Number of protein chains: 2
Amino acid sequence: MKLTSKGRYAVMALADLARFDNINPVSLRDISLRQGISLDYLEQIFSKLRKKEIVQSVRGIQGGYILNKKAKEIKLNNIFDAVDEKVKTVKCKKESKKGCNGKLTKCLTHNLWDELENHINNFFNEKSLEDLVKDNSEKRI
Amino acid sequence: MKLTSKGRYAVMALADLARFDNINPVSLRDISLRQGISLDYLEQIFSKLRKKEIVQSVRGIQGGYILNKKAKEIKLNNIFDAVDEKVKTVKCKKESKKGCNGKLTKCLTHNLWDELENHINNFFNEKSLEDLVKDNSEKRI
DNA sequence: ATAAACCTGAGTAAAATAGTCAAGTATCAT
DNA sequence: ATGATACTTGACTATTTTACTCAGGTTTAT
Ligand code: FES
Ligand code: FES
C-alpha cells in the first residue's frame with residue numbers, strides 16, 4: 001500500500017503554489033526548481049489539475065498557474081481525484097452484484113476492505129491545502 | 001494507493017483458516033479451492049506467515065496449518081507485516097535527517113504523509129482476525 | 001520578433017506485482 | 001514398507017504499473 005509519485009507530486013506542487021500565488025501566477029519552472037520535480041512531469045500533472053478546475057492557467061510570458069479556489073476549499077480528495085490517484089482496496093467492482101471470487105456473495109474480507117477504504121478517504125476529505133500551508137508556516141516560526 | 005494481492009490473499013486465507021481450524025489443521029488445498037487462490041501462491045504466503053509465527057504447520061497426510069495464537073490476538077497489522085505488505089507514504093527514509101529533496105529540512109508534505117501513515121496503521125492495529133470472522137458469521141444469520 | 005511559459009500526445013525504461021514451475025521432504029494411513 | 005498427501009524452498013517469468021522523457025506545438029508580454 002503506497003502512495004505514488006503522481007499523487008505525492010500533485011500535492012507537493014499545489015502546496016508550493018498555495019504558498020506563492022499571492023500576487024503573480026507561479027510558473028511550473030519555479031515549482032520544478034523548488035521542489036525538485038521534473039518539469040515535463042509537472043506539466044502532465046497540471047494539465048489534469050486544470051481540467052478538474054483546481055488551478056487556472058495564465059499563458060504567455062510571466063504566466064503560470066493560480067489556484068482556482070480558496071486553499072481551504074481544496075481537499076486532498078479533490079487533488080487525488082484529479083490526478084487519478086485512487087484508493088482501491090476491494091478487488092471486486094463495487095457496483096457489481098458479484099464478489100471478487102465470481103460468486104454472488106461478497107467474499108469474507110469485502111467488508112473489511114470497504115471499511116478501510118472509507119477510513120482512508122475520510123482522511124483525504126478532511127485535509128485541505130490550507131491545513132498544509134498553515135502547518136508549515138507554523139513550523140517556520 | 002492500493003492493496004496488493006499478497007496482503008489481500010493473506011488476510012483472506014487466514015480468515016478462512018480461522019473459520020475452519022476448530023478441530024483439524026486446514027490444508028492449503030482446501031483454502032485454495034474455497035477462496036480461489038492459486039496453491040503455489042498460497043504456499044509462498046504461508047511460508048512467511050509461519051516464519052512470523054502466525055500459523056503453525058502440521059506436515060504429512062491430514063496435515064495443514066493452524067493458527068498459532070487466538071484469532072483475537074492476531075491483528076491485521078501482524079499479518080501485513082509478515083507478508084511484507086507495508087504502508088509507505090513518505091518518500092524519504094524516516095530515520096534519516098534528510099528530506100526527500102535531499103535537503104536537511106523535511107519537505108512541505110512530509111508531516112501530512114506521516115499523519116496518513118499513522119491513520120492507516122491505526123486501522124490495522126485495531127482490527128483482529130476475530131473481528132473478521134465475527135462480522136461474517138453475524139451476516140450469515 | 002522573440003523568449004517565456006503553457007499545452008499535448010506519444011513513447012519507453014525500469015520497477016513491482018502476481019504469479020508459475022520444479023524439485024524436493026516429512027508424515028501418516030494402510 | 002509404501003504411496004499419497006501436504007508442507008518446503010527457491011528460482012524463474014509474464015504482465016502491469018509507474019515514472020518518467022521527448023518532440024513538437026500554441027499563446028502572450030515585452
Ligand atoms: S473484495 Fe469484494 S467480494 Fe472480495
Ligand atoms: S516525504 Fe519526508 S521529506 Fe518529503
Side-chain angles (χ1 to χ4, degrees), chain A residues 1-13 17 20-21 23-52 54-66 68 80 83-89 91 100, chain B residues 1-13 17 20-21 24-66 68 80 83-89 91 100:
Chain A
M1 270 260 52
K2 64 185 147 198
L3 201 61
T4 64
S5 283
K6 215 160 214 167
R8 162 177 291 113
Y9 288 163
V11 176
M12 256 178 136
L17 182 51
F20 290 96
D21 81 337
I23 311 155
N24 298 318
V26 179
S27 76
L28 293 188
R29 207 181 83 92
D30 286 354
I31 297 179
S32 166
L33 290 174
R34 277 195 294 260
Q35 303 301 326
I37 305 169
S38 135
L39 180 58
D40 281 320
Y41 204 17
L42 276 176
E43 268 163 1
Q44 275 185 52
I45 292 168
F46 273 78
S47 160
K48 296 188 177 191
L49 292 174
R50 188 175 58 83
K51 276 173 193 154
K52 287 295 174 73
I54 290 171
V55 294
Q56 266 190 3
S57 67
V58 179
R59 298 188 78 152
I61 203 169
Q62 288 286 68
Y65 287 91
I66 55 179
N68 201 22
F80 274 35
V83 298
D84 307 309
E85 168 96 25
K86 25 186 174 276
V87 177
K88 179 152 173 61
T89 55
K91 190 179 186 188
C100 60
Chain B
M1 199 84 268
K2 63 184 147 200
L3 202 61
T4 64
S5 284
K6 215 160 216 166
R8 163 177 288 112
Y9 287 163
V11 175
M12 257 177 135
L17 181 51
F20 289 98
D21 81 339
N24 298 317
V26 180
S27 75
L28 292 189
R29 207 181 82 91
D30 287 355
I31 296 179
S32 166
L33 290 174
R34 278 196 294 261
Q35 303 300 326
I37 305 170
S38 136
L39 182 56
D40 281 319
Y41 205 17
L42 276 176
E43 270 161 1
Q44 276 186 50
I45 291 168
F46 273 77
S47 160
K48 296 188 176 193
L49 292 174
R50 190 175 58 82
K51 276 173 193 156
K52 288 295 175 72
E53 300 180 331
I54 289 172
V55 296
Q56 267 188 4
S57 67
V58 179
R59 299 188 76 149
I61 204 167
Q62 288 287 68
Y65 286 91
I66 55 178
N68 200 22
F80 274 35
V83 299
D84 306 310
E85 168 96 26
K86 25 186 175 278
V87 177
K88 179 151 173 59
T89 55
K91 190 180 185 188
C100 60

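Throughout, protein chains are lettered first and strands after them, A, B, ... in sequence-line order, and every chain is numbered starting at 1. As the structure is a computational prediction, the values presented were derived from the model and not from experiment.
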**Ser27(A) vs dC6(C): side-chain N/O to OP1/OP2 distance below 4.0 Å** = no
**Item:** Of Glu43(A) and Met1(A), the one whose closest DNA chain C nucleotide lies more 5'
**Value:** Glu43(A)
**Prompt:** Taking the side chain of Leu28(A) as its heavy atoms from C-beta onward, which of dT5(D), dC6(C), dA29(D) lies nearest to it?
**Reply:** dC6(C)
**Item:** pair Phe46(B)-Leu17(B): side-chain heavy atoms closer than 4.5 Å
**Value:** yes
**Message:** I want to check something: taking the side chain as every heavy atom from C-beta on, are Tyr9(B) and Lys91(A) in contact at a cut-off of under 4.5 Å?
**Reply:** yes
**Item:** Nearest-nucleotide 5' precedence on DNA chain D, Gln62(A) against Leu39(A)
**Value:** Leu39(A)
**Message:** So, OP1 or OP2 of dC20(D): does either fall under 4.0 Å of a side-chain N or O from Tyr9(A)?
**Reply:** yes
**Request:** For the pair Asp84(A) and Lys48(A), find out whether any cationic side-chain nitrogen is under 4.0 Å from an anionic carboxylate oxygen.
**Result:** yes
**Item:** Out of dT17(D), dT20(C), dT5(D), whichever nucleotide has its closest atom nearest the side chain of Tyr41(B)
**Value:** dT20(C)
**Prompt:** Got Gln62(A) and Asn24(A) here, is their nearest side-chain heavy-atom distance under 4.5 Å?
**Reply:** no
**Message:** Applying a 4.0 Å non-hydrogen cut-off, can you work out what Phe46(A) is touching in the nucleic acid: base, sugar-phosphate, or nothing?
**Reply:** nothing
**Asked** Are Tyr65(B) and dT8(D) close enough that a side-chain N or O sits under 4.0 Å from OP1 or OP2?
**Response** yes
**Complete:** Side-chain contact check for Gln44(A): nearest option of dA18(C), dA6(D), dA10(C) is dA10(C)
**Request:** Taking the side chain as every heavy atom from C-beta outward, state whether Ser57(B) and Tyr65(B) have any atom pair closer than 4.5 Å.
**Result:** yes
**Message:** If you only use heavy atoms from C-beta on, which nucleotide in dT20(C), dA4(C), dT8(D) is closest to the side chain of Arg50(B)?
**Reply:** dT8(D)
**Request:** Give the nucleotide from the list dA5(C), dT26(D), dT8(D) with an atom nearest to the side chain of Arg59(B).
**Result:** dT8(D)
**Prompt:** Just to confirm, is there a sub-4.0 Å distance from OP1 or OP2 of dA19(D) to any side-chain nitrogen or oxygen of Ser5(A)?
**Reply:** yes
**Prompt:** Is the distance from OP1 or OP2 of dC6(C) to the nearest side-chain N or O of Ser47(A) less than 4.0 Å?
**Reply:** no
**Request:** Would you please confirm or rule out a distance under 4.0 Å between OP1 or OP2 of dA5(C) and any side-chain N or O of Ser57(A)?
**Result:** no
**Toward the 5' end of DNA chain D, by each residue's nearest nucleotide, Gly64(B) or Lys6(A)** = Gly64(B)
